[in-house]
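Structure, as structure tokens:
In what follows, every chain begins at residue 1, and chains take the letters A, B, ... in the order their sequences are listed.
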Amino acid sequence: MPQVTLPDRDPVDVPAHTSLAELARNTAGTRAKRAVAAWIDERLVDLSHPIEADCRVRFVTPADPEGLDVFRHSSAHLLAEAVVSLFPDARPTIGPVVDEGFYYDFDHAPFSDEDLLRIEERMRAIVAEGRPLHRREISADQARELFRDNRYKLEMIDALPAGETITVYEQGNRAFVDLCRGPHVSDLSRIKAFKLLKVAGAYWRADARNTMLQRIYGISFEQPKELRAHLAAIAEAKKRDHRKLGRELDLFSFHEEGQGFPFWHGRGTVIYNELANFIREECRRRGYTEVRTPTILNEELWRRSGHWDHYADAMYFVDIDEKPHAVKPMNCPGGLLVYRSRLHSYRDLPIRQAELGLVHRNELSGVLHGLFRVRAFTQDDAHVFCTHEQLIDEVVALIDFCQYVYQTFGFPPAEIVLSTRPADCIGSDQIWETATHALRQGLERLDLAYRVAEGEGAFYGPKIDFDIRDCLKRKWQCGTIQVDFSMPERFDLTYEGPDGHSHRPVMLHRAILGSLERFIGVLIEHTAGKLPLWISPLQARVIPITERHHAYAQEVHRQLADAGVRVAVDARDETLGKRVRAAQLEKVNYILVAGDKEMEAGTINVRTRDNVVHGAVTVDELIERLRQEIACRALV
RNA sequence: GCUGGCGUAGCUCAGUGGUAGAGCAGCUGAUUUGUAAUCAGCAGGUCGGGGGUUCGACUCCCUUCGCCAGCUCCA
């Protein structure tokens, strides 16, 4: 009899061919009862899988990441059955699990929102029937016969390596059969908490030249309360959408007259400037110089830099004196000309040259998205020119700079990705090795967790990316540190070494916020518009209770304004409650109420955005407190 | 760029072929307020633009512009 070992248990003997489902039934513990699949040694399999030999078994439940994937993958099959039963001419294609749920793509005319509701209803009916999911192995010929009227499945079957076992999953009485590697839950009735979220077009194999399919997105959970929590989180995310808050808080706007080009209003400009000042201040502390290079430069420069070949589609062009010019999509060529404008000694290096450069890129109209994806934005760019020996120290300093900045805003740790040498690249093996090693060393010296993306580096060098996630869990590239072997060659950059000969410096590109615009968008969503005091456009508002307190309110205003606080008086002829409410909605950090008591005592009554009334403090004390909070860029 | 959805007052939204509505915001007045909405009045729209069908179009059709979602996740 095969011997089965479960985690933390004594091995047991079971009769040959015992299924994992039977084993689960005979095993105490909720883990086995909740199982959707199981690991047999190194293989994740269905619960119907028979035990034939000695093995280790670990049941997985929807609480495990791989179990949740199985659960959602089965949910996608459930969706597919519902769709084909309601729309018999729909051809299912693929239905994978994604980060946030699952989807299934169908070749069919577009589905409406009403269709989605009907499909969901049908899914519930199928769940109520409580049908089992059966795995079956078939030959390639049988598979071709079974899916003869589905060209997508046929294409997939043909793409499978010869000799590979082909499996299909049948739902109940062959009500629906799908080509699938599995594993799956054994019973569709397990899937009780699900919701179809949206429908959208997507291309077969993600290629715009192929047929446009209809993609239905859904989410499912084992427990209804998990689904409720997820839907509530989506609703909260919608409330925090920076496009909505940007309009409500009067920060920025977009206009037909310039699609994808943000207009910064007075309040938004405060945020933008504070952010830029923060970066400038940190650059100063870290030994950078700041430069400014032109927005428009001639075509020859862009050919020389290689942007023309790799980037022309995204560039804007303009003729000046009948000579072709381009609007800069990146700052580096300008920065390189600055470096080349004089001779450099090894004693000058490293040169850290920052530029808050406004770049323009012609993004496809369909991908524009608030401040997250625009056609003109400011990069907090910098180029570091150094010797090979200085490379690691510079990389460490850059990573540290990034971490410091993200920390200042209280972002959860960014996802760090090291991208290595791609197939198509320039530079010798040795130079790639040195550079990749430097980036790796930098990350390891700071003891940071990172993911390696093999072959994802730029053609001109390896890089480290810092990705942060917005409140909808979408990932946005933020900081980047790139080693560049190409530009110093193309522009023949040199420095005089101690040996009296010319040497080629190493060049690093880096951006920390990436795009100031995008970063502000992320920050707005992250804070739900309640910005930290130092970067907040409305730091304080004085509210006199009645007309007789107006003069005192003005006096308090003057003192705060003199101390550099962004403050205003709301002396409108409205009730106190209404003006407090207005200040709350505008996310003013400090609401300062002035009435008889305050006027008499020379104090002000402090209320903060968290609905807490703190009581009266003297104006001097308040100023001191705000000064400190601003100076240390406090998060609260 | 492609596919689908949506464009009505500054904002949020009603209005399915027969004279364009509400709340908030704005303005005027009353009210002088102790911590998230005082009351009353007034004003505000070429129903995104253009074309068509119709006696008549916010409503139906075509077209165009903009916005929104998706277009990486591989049986």
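Side chain of A/Ser74 to main chain of A/Val185: a donor-acceptor pair is present (N/O by atom type, distance under 3.5 Å, no hydrogens or angles).
Side-chain nitrogen and oxygen atoms of A/Lys198 include at least one within less than 4.0 Å of the OP1 or OP2 phosphate oxygen of B/rG70. When the side-chain nitrogen and oxygen atoms of A/Arg243 are compared with OP1 and OP2 of B/rA69, one or more of them lie within a distance under 4.0 Å. The side chain of A/Gln259 places an N or O atom within less than 4.0 Å of a non-bridging phosphate oxygen (OP1 or OP2) of B/rG66. When the side-chain nitrogen and oxygen atoms of A/Arg572 are compared with OP1 and OP2 of B/rG26, one or more of them lie within a distance under 4.0 Å. One finds no side-chain N or O of A/Arg609 lying less than 4.0 angstrom from the OP1 or OP2 phosphate oxygen of B/rA36. Side-chain N/O atoms of A/His369 include none lying less than 4.0 angstrom from OP1 or OP2 on B/rC67.
Checked against B/rU35, B/rC71, B/rG66, the side chain of A/Glu256 finds its nearest nucleotide in B/rG66. Distances from the side chain of A/Asn605 to the nucleotides B/rU72, B/rC74, B/rU35 place B/rU35 closest. Distance from the side chain of A/Leu585 is smallest to B/rA36 among B/rG34, B/rU32, B/rA36. With B/rU33, B/rC71, B/rU35 as the candidates, the nucleotide lying closest to the side chain of A/Val613 is B/rU35. Side chain of A/Ile94, nearest nucleotide from B/rA36, B/rC74, B/rG70: B/rC74. Considering only side-chain atoms of A/Ala206, the nucleotide from B/rU38, B/rG34, B/rC73 that sits closest is B/rC73. Ranking B/rG26, B/rG34, B/rG70 by closeness to the A/Asp596 side chain, first place goes to B/rG34. Considering only the side chain of A/Gln214, B/rU3 comes nearest among B/rC71, B/rU3, B/rU33. Of all nucleotides listed (B/rG34, B/rU38, B/rU32), B/rU32 comes nearest to the side chain of A/Thr546. Distances were taken from every side-chain heavy atom of A/Pro96 (C-beta onward) to each of B/rG34, B/rC73, B/rG1; the shortest belongs to B/rC73.
A/Phe263 has its CZ atom 14 Å from the P atom of B/rG66, to the nearest Å. B/rC68 atom C1' lies 15 Å from atom OH of A/Tyr217, rounded to whole Å. At whole-Å resolution of the value, CG in A/Leu116 and P in B/rA69 are 17 Å apart. Across the protein-nucleic acid pair, A/Asp105 atom CG and B/rC74 atom C1' stand 10 Å apart, rounded to whole Å. For the pair A/His108 NE2 and B/rG4 C1', the computed distance is 14 Å after rounding to whole Å. Here the P atom of nucleotide B/rA37 and the NZ atom of A/Lys578 are 10 Å apart, to the nearest Å. Between the P atom of B/rU12 and the CD atom of A/Glu248 lies a distance of 8 Å, rounded to the nearest Å. One atom, CD of A/Glu574, and another, C1' of B/rC24, lie 12 Å apart when rounded to the nearest Å.
A/Arg205 comes within 4.0 angstrom of a base, heavy atoms only. The residue A/Gly595 sits close to a base: some heavy atom pair falls under 4.0 Å. Within 4.0 Å (heavy atoms only), A/Met156 reaches sugar-phosphate atoms of the nucleic acid but no base atom. Residue A/Lys153 is in sugar-phosphate contact alone, with no base atom involved, counting any heavy-atom pair closer than 4.0 Å across all strands shown. Within the 4.0 angstrom heavy-atom criterion, only backbone atoms of the sugar-phosphate kind lie near A/Arg215; the bases stay farther away. Here A/Glu586 lies out of heavy-atom contact (under 4.0 Å) with every strand. In this structure, A/Glu164 reaches the bases: a heavy-atom distance under 4.0 Å links it to at least one base atom across the strands shown. Looking at heavy-atom distances under 4.0 Å, A/Leu160 makes contact with a base. Base contact: A/Asn611 has a heavy atom under 4.0 Å from a base atom. Contact annotation for A/Thr608: no contact, since no heavy-atom pair falls under 4.0 Å across all strands. As judged by a 4.0 angstrom heavy-atom cut-off over every strand, A/Asp207 is placed among residues making no nucleic acid contact. Residue-level contact check: A/Val97 touches the backbone only, with heavy atoms under 4.0 Å from sugar-phosphate atoms and none from bases.
Taking the C1' atoms as reference points, B/rA57 lies 14 Å from B/rU19, given to the whole Å. Here the separation of B/rG23 from B/rC61, taken at their C1' atoms, is 34 Å to the nearest Å. Comparing the C1' positions of B/rG29 and B/rC68 gives an interatomic distance of 43 Å, to the nearest angstrom. Nucleotides B/rA43 and B/rC24 place their C1' atoms 15 Å apart, quoted to the nearest Å. With both ends at atom P, the span from B/rG51 to B/rG56 equals 15 Å, rounded to whole Å. Rounded to a whole angstrom, the distance from the P atom of B/rG7 to that of B/rU59 is 12 Å.
Within 6.0 Å of atom CD in A/Glu164, more than 12 heavy atoms from other residues, nucleotides or ligands are found, so the atom counts as buried in its surroundings.
Remark: A/Lys587 NZ to A/Ile524 CD1 distance equals 11.0 Å, nearest 0.5 Å.
At a threshold of 4.0 Å, the pair A/Glu155-A/Arg205 counts as salt-bridged, since one of the basic side-chain nitrogens sits closer than that to a carboxylate oxygen. Look at A/Arg118 and A/Glu114 and you find no salt bridge, because none of the NZ, NE, NH1 or NH2 atoms lies under 4.0 Å from a carboxylate O. A salt bridge links A/Glu236 with A/Lys239; the closest basic N to acidic carboxylate O contact falls under 4.0 Å.
Using a 30° and 60° split on the angle between ring planes, A/Phe261 and A/Tyr316 fall in the tilted class, from 30° to 60°. Ring planes of A/Tyr152 and A/Trp204: perpendicular class, angle over 60° (limits at 30 and 60°).
In a base pair of the Watson-Crick type (N1 to N3 plus N6-O4 or O6-N4) or a G-U wobble (N1-O2 and O6-N3), with each distance short of 3.5 Å, B/rA37 is matched with no nucleotide. Taking a pair to require two hydrogen-bonding distances under 3.5 Å in either a Watson-Crick or a G-U wobble arrangement, B/rU32 remains unpaired. Pair assignment for B/rG7 gives B/rC65, based on Watson-Crick or G-U wobble hydrogen-bonding distances that are each under 3.5 Å. With a cut-off of 3.5 Å on both pairing distances, the Watson-Crick or G-U wobble partner of B/rG1 is B/rC71. With a cut-off of 3.5 Å on both pairing distances, B/rU54 has no Watson-Crick or G-U wobble partner at all. Pairing for B/rC42 goes to B/rG26, judged as Watson-Crick or G-U wobble with the two contacts each under 3.5 Å. Pairing partner, B/rC13: B/rG21, with both Watson-Crick or wobble hydrogen-bond distances short of 3.5 Å.
Each of A/Phe111 and A/Val98 was assigned the nucleotide of RNA chain B with the nearest heavy atom; the assignment lying further toward the 5' end belongs to A/Phe111.
One N or O donor and one acceptor, one from the side chain of A/Tyr203 and one from the base of B/rC2, sit under 3.5 Å apart.
The only member of A/Val70, A/Ile191, A/Leu196 that meets side chain to side chain contact (heavy atoms under 4.5 Å, CB included) when paired with A/Ser75 is A/Ile191. For the pairing with A/Leu622, the side chain to side chain contact (heavy atoms under 4.5 Å, CB included) check across A/Val619, A/Leu626, A/Thr618 returns one residue only, A/Leu626.
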